[in-house]
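Quick caveat, the model's predicted, so the values are computed rather than measured. Just so you know, these numbers use all the heavy atoms, side chains as well, and skip hydrogens, waters and symmetry mates. All residue numbers in this chain count up from 1 along the given sequence.
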Amino acid sequence: MTLRTLFGESPARASLDQAGRTSPRTRASVRSLALGLTLALGASCSSSDDESVPGAFVVRSTNFAAASGAIALRADGDLLAFSVSEAAQGAGGTDFNQDGDIIDGIAVRVNTLNGSSVTLDVAVDDLEFARRTLFLVVQESRDSVDWNTDGDQTDRVLLYVTSAAQTATFLDTLDASSPIVAIGGTVVYASADVPTTSNTTNLRFVSVASNGAAPSAPTTVTSDVDPDGDGLVYGIHSADDDVVFLVADEASAGDLNGDGDSTDTSVLGVLDAGDVVPTAFSSGVGFAAGSVPTAVPISGGGEYLVAFLADEAQEGASLNDPIDFSPTWAVTSCSGADTDTTDAVLHWFQLTDLSMSTAPVNTGLVGRPTGRALALRSGYVGVISPESLQGTGCDLNGDGDSSDPVFRWVAAQDPLGAVLPPNTTDVLVAVDEAMPGGFSGVVRLSDVWVVVVDEAADGRSSYDTDPGNDRDVVLALNPSNGSPSWNASHTVSNIPVEVSWIAEDPENPSEFFAAITEEIRTVFGAGDLNGDGDLFDSIPTVPSSTTSGSTTLTFPGVTFAAVADNAGIDVEENVGTFRISEASQGSDLNGDGDANDELLMRFSLVNAFLPTIAGTANDIDRTLVDFGPGDARFGAFLTEENQGGDDLNGDGDTSDTVVRFFRLP
């Protein structure tokens, strides 16, 4: 069968993002994404085909069973690291760290180039690579080892292993719970040391100067403010791009947000791990610590836009009272102002704002305390705003109720300008917060918002011209347009698209990932895409704008049935991967006598090879394949033995989850 494009050609794309920065993933400068590949399944199930690199795409087992609830697989260069289950390794389990039990998750490093592996014999809570050097977070009590030689075994410590070493070396003692962050060759962590000197912190950073080298000595991170003059204690919350998000408890720091008390528990701070000497800057605002902040590079280079949700309770004031904003800020449908102090409210700043003592901007837009605050590279911030939290009687989308989660946004370019979010009902739409993929139904391109509108909640069925059906339809809007509006007509056919799963591409802002449904396309005559005789499947796609900034999206993909609510799509080095569903495809594809399994399928974004089933996978709710940063050399994934009936780690059973990998060409 010949190749054909099912969802519209994707345009050629340059390798630089909108901010003029080199994309973190090295790719071909032109990616046609002509993925409409209609193939006979029987011709696509080999473990390798005519790839140019010997051994490329051949799936190899590490012979290790991943620890249950395992930390993510980590990849860097040729090296793969993960946590192996003592209980599941070998008949009766294996006590790798010789502590008298088999309950630990033990660090393992594998060289995917030659297949050699090293069991590092330490129980790990987390691990990260920085330029091929592996950093391990370890609880001393789990190893029964006094790593920091302080006379006890009660500490949480940071170890490292150079690429040439087979044993771990102690680096520092950590605080009780903060994650470590590795960005490029820099590792940032919160030490157990309590600072006593003005404008110092408990934060440390180390640098790995070259691949596989030992890290530099820990360096103390300084702070821009210090109310009590005796140093600040920060915890690490998360990281996005080069920006590390910090939280400070005023009990040990003093009044950081200027509300007259020292009782606030999570005032937001940030540092740029890309700086030669990172400095911690306080936002001066209490942070909703259960929420997700985001940071994106913006035009001009070297600058970041940060969006986060502030906690009214810590600020001791209502942050979304209309009296504090321009008269045109308020939504006319709200019958009463929200003056309580229980909300999480969207704020933004640019990193240089904090260094110049410019306060974050309060948008007044309310999000859930566990929601995501979204920053867009073109200079906008947004949040899913529940109508019930915005004010009394707020019907933002004009459907007659006040119970919808509505997406709202505002320009984030002038910290001294008026805050004027769009307020007309035609641009305020109800999104499907429960949409699988981990992004609550909202993803970002460089300069375009993409949402999955819930027609049932929104009260409007005009998006798909089919008033008899309520669907989850993809809409796109460019907030930079003079009169921005949501577009529901996509592809070369100008038709709506429904999705069952959607996610951002964490490395490329010019595309995202989506599993689109056959059902909506039947309304427009497209029908059965994967040829299994029904119209109920979801097809994996890699959508993007037809041209930069366009709200018309193209949805190139492969004609196989993905796992509808857990597609796990990812792309690296022009290779796409996803979970294919035997049940939806209607075939026993791994030859185990049933059609109930979930498999790994790979495909080429440049038509370099045919779509190929690479092996049995898993039904874990996460991205299917882990690739390393930068120029990825391999992909690693987990196989649940019970799906294929194979004893991959040779322990006499088929009940383990085994780590496997394949090299890229």
Side-chain angles (χ1 to χ4, degrees), residues 158 171-183 186-207 215-289 293 295 302-308 310-311 314-315 347-361 415:
L158 181 61
L171 180 65
D172 208 344
T173 304
L174 298 172
D175 74 353
S177 60
S178 292
I180 62 172
V181 174
I183 298 173
T186 299
V187 178
V188 180
Y189 61 93
S191 78
D193 290 341
V194 177
T196 58
T197 305
S198 178
N199 293 99
T200 61
T201 74
N202 65 318
L203 300 175
R204 305 286 186 269
F205 72 91
V206 297
S207 299
S216 63
T219 300
T220 298
V221 174
T222 59
S223 174
D224 66 325
V225 297
D226 188 355
D228 289 346
D230 58 358
L232 270 69
V233 174
Y234 273 113
I236 295 176
H237 180 274
S238 57
D240 194 10
D241 208 291
D242 283 356
V243 177
V244 181
F245 295 105
L246 314 169
V247 288
D249 189 332
E250 288 184 335
S252 61
D255 182 9
L256 291 171
N257 64 341
D259 64 351
D261 63 52
S262 298
T263 61
D264 304 315
T265 58
S266 57
V267 177
L268 181 70
V270 294
L271 67 79
D272 185 350
D275 287 344
V276 175
V277 180
T279 299
F281 291 96
S282 175
S283 71
V285 178
F287 170 54
E303 179 62 286
Y304 282 89
L305 173 63
V306 172
F308 71 99
D311 180 11
Q314 293 186 78
E315 291 297 290
H347 284 56
W348 67 268
F349 59 84
Q350 295 182 13
L351 286 190
T352 54
D353 294 340
L354 296 190
S355 66
M356 298 173 63
S357 301
T358 301
V361 176

| What distance do Arg204 atom CZ and Ile180 atom CD1 have between them, rounded to the nearest 0.5 Å? | 15.5 Å
| query | How about Ser223 and Asp226: does a side-chain donor come under 3.5 Å of a side-chain acceptor? | reply | no
| Do the non-hydrogen side-chain atoms of Val247 and Thr265 ever get within less than 4.5 Å of each other? | no
| Do you know which two heavy atoms are closest between Thr279 and Phe281, and how far apart they sit? | O-CD1, 3.5 Å
| Closest approach of Val221 and Pro278, non-hydrogen atoms and distance? | CG1-O, 3.6 Å
| Do the non-hydrogen side-chain atoms of Leu271 and Phe205 ever get within less than 4.5 Å of each other? | no
| Set of side chain to side chain contact (heavy atoms under 4.5 Å, CB included) partners for Ala289, sequence neighbours left out | Ser266, Phe287
| query | Which one of Asp272, Asp241, Asp240 satisfies the side-chain hydrogen bond (donor to acceptor under 3.5 Å, both in side chains) criterion with Tyr304? | reply | Asp241
| request: Starting at CG of Leu256, measure out to CG of Leu268 and round the result to the nearest 0.5 Å. | output: 11.0 Å
| So, for Thr358 and Pro415, which heavy atoms are closest and what is the spacing to 0.1 Å? | CG2-CB, 4.1 Å
| query | Going from CG on Asp353 to CG on Leu305, what distance comes out if it is rounded to the nearest 0.5 angstrom? | reply | 9.0 Å
| request: Give a yes or no on whether the backbone of Asp261 and the side-chain of Asp259 come within a donor-acceptor separation of less than 3.5 Å. | output: yes
| request: Compare every heavy atom of Val188 with every heavy atom of Ala273, then report the nearest pair and how far apart it is. | output: CB-CG2, 4.3 Å
| Nearest 0.5 Å, what's the CG-CG distance between Asp311 and Asp264? | 8.0 Å
| request: Side-chain contact test, heavy atoms from C-beta onward, threshold under 4.5 Å: evaluate it for Val187 versus Pro215 and give yes or no. | output: no
| remark: Between the CG atom in Asn202 and the CG atom in Asp175, the distance rounded to the nearest 0.5 Å is 6.5 Å
| message | The criterion is side chain to side chain contact (heavy atoms under 4.5 Å, CB included); which residues satisfy it with Glu315, sequence neighbours excluded? | response | Asn257, Val285, Leu319
| query | Hey, does the side chain of Ser216 reach the backbone of Ser207 with a donor-acceptor pair shorter than 3.5 angstrom? | reply | yes
| Within the distance-only criterion (no hydrogens, no angle test), does the side chain of Glu250 pair as donor or acceptor with the backbone N or O of Thr263 below 3.5 angstrom? | yes
| remark: Rounding to 0.5 Å, atoms CG (Asp224) and OG (Ser355) come to a distance of 9.0 Å
| message | Could you check whether any side-chain heavy atom of Val233 comes within less than 4.5 Å of a side-chain heavy atom of Pro195, counting everything from C-beta outward? | response | yes
